[in-house]
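This report refers to the structure that appears directly beneath it.
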Amino acid sequence: MELFVISLLILLGVVLLSVEIALIPGVGITGIMGVLSLISAICYAFVCLSTMAGWITTLIVVVLLAILFAWAVYGNSIDKVALRKKINSSVENPEIKGLKVGDKGFAVARLALIGEADFEGKRVEVRSDDGFIDEATPVVVVRIAGGEVIVKITK
């Protein structure tokens, strides 16, 4: 009877952990219950059978967990929930339309690396290439990259 209970607890633990890995990833109640079931099987073997039976049960559980881990890592169970798509699009920034490298303007407020600059009445969020830039300092567009305008102080 004890072997049946231990086998049932181990089977229940492995099934619950498999469900946790394959169907509902994350650390949830299913995974916790699976781990508790395996620990219960080991404790039951130590208490109700013998020390040798407890160590054998521990060895069986460790081997089953290694197999389960290998299945999770090398199998396709993670591929079902993993995000594999690459995003090649970018967001259009309508504020920077018409701006080009070399355009001159001035800092609206102090640019603490990022802030706003005015280019012929058009306010644009910019990034400073020179560090901190004080308010009303003349700036020039150095480059436009990925919807971001980089400016530096005009000499």
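None of these values were measured; they are calculated from a predicted model.
When every heavy atom of Ala45 is checked against every heavy atom of Gly54, the shortest pair comes out as CB-CA, 3.8 Å. Residues Ala117 and Val139 approach most closely at CB-CG2, 4.2 Å, considering heavy atoms.
Side-chain atoms of Glu20 come within 3.5 Å of backbone atoms of Gly28 as a donor-acceptor pair (strictly under, hydrogens ignored).
Every residue two or more places apart in sequence or in another chain that forms a side-chain contact (heavy atoms from CB on, under 4.5 Å) with Cys43 is listed here: Ile39. For Glu148, the salt bridge (charged side-chain N to carboxylate O under 4.0 Å, His left out) partners two or more places apart in sequence, or in a different chain, are Arg127. Among residues two or more places apart in sequence or in another chain, the side-chain contact (heavy atoms from CB on, under 4.5 Å) test is passed with Glu2 by Tyr44, Cys48, Leu49. Under the salt bridge (charged side-chain N to carboxylate O under 4.0 Å, His left out) criterion, Arg143 pairs with no residue at all, not counting sequence neighbours. For Ile56, the side-chain contact (heavy atoms from CB on, under 4.5 Å) criterion is met by Met52, Ile60, not counting sequence neighbours. Under the side-chain contact (heavy atoms from CB on, under 4.5 Å) criterion, Phe46 pairs with Ile42, Thr51, Trp55, Thr58, sequence neighbours left out.
The side chain to side chain contact (heavy atoms under 4.5 Å, CB included) test with Ile144 singles out one residue from Ile150, Val126, Val124, Leu99, and that residue is Leu99.
The structure places CG of Leu36 at 10.0 Å from CG of Leu16, a figure rounded to the nearest 0.5 Å. Between atom OG1 of residue Thr57 and atom CD1 of residue Ile6 there is a gap of 4.5 Å, rounded to the nearest 0.5 Å. Here Leu111 contributes atom CG and Lys152 contributes atom NZ; the two are 15.0 Å apart, rounded to the nearest 0.5 Å.
Residues Val140 and Val108 fall into different hydrophobic clusters, defined by Ile, Leu, Val, Met, Phe, Trp and Tyr side chains chained together at heavy-atom separations under 4.5 Å.
Counting only residues at least two apart or in different chains, ring-ring contact (aromatic ring centres under 6.0 Å, His included) contacts with residues 101-155 are absent. The list of salt bridge (charged side-chain N to carboxylate O under 4.0 Å, His left out) pairs with a residue in residues 99-114, not counting sequence neighbours, reads Lys100-Asp103, Arg110-Asp134.
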Review item, side-chain donor-acceptor pairs of residues 7-14, under 3.5 Å, at least two apart:
from	atom 1	to	atom 2	distance (Å)
Ser7	OG	Leu3	O	2.8

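Apart from Val101 itself, the hydrophobic cluster it occupies contains nothing, where clustering links Ile, Leu, Val, Met, Phe, Trp and Tyr at side-chain heavy-atom distances under 4.5 Å.
Residues Leu17 and Leu64 have side chains not in contact (no heavy-atom distance under 4.5 Å, counting atoms from C-beta outward).
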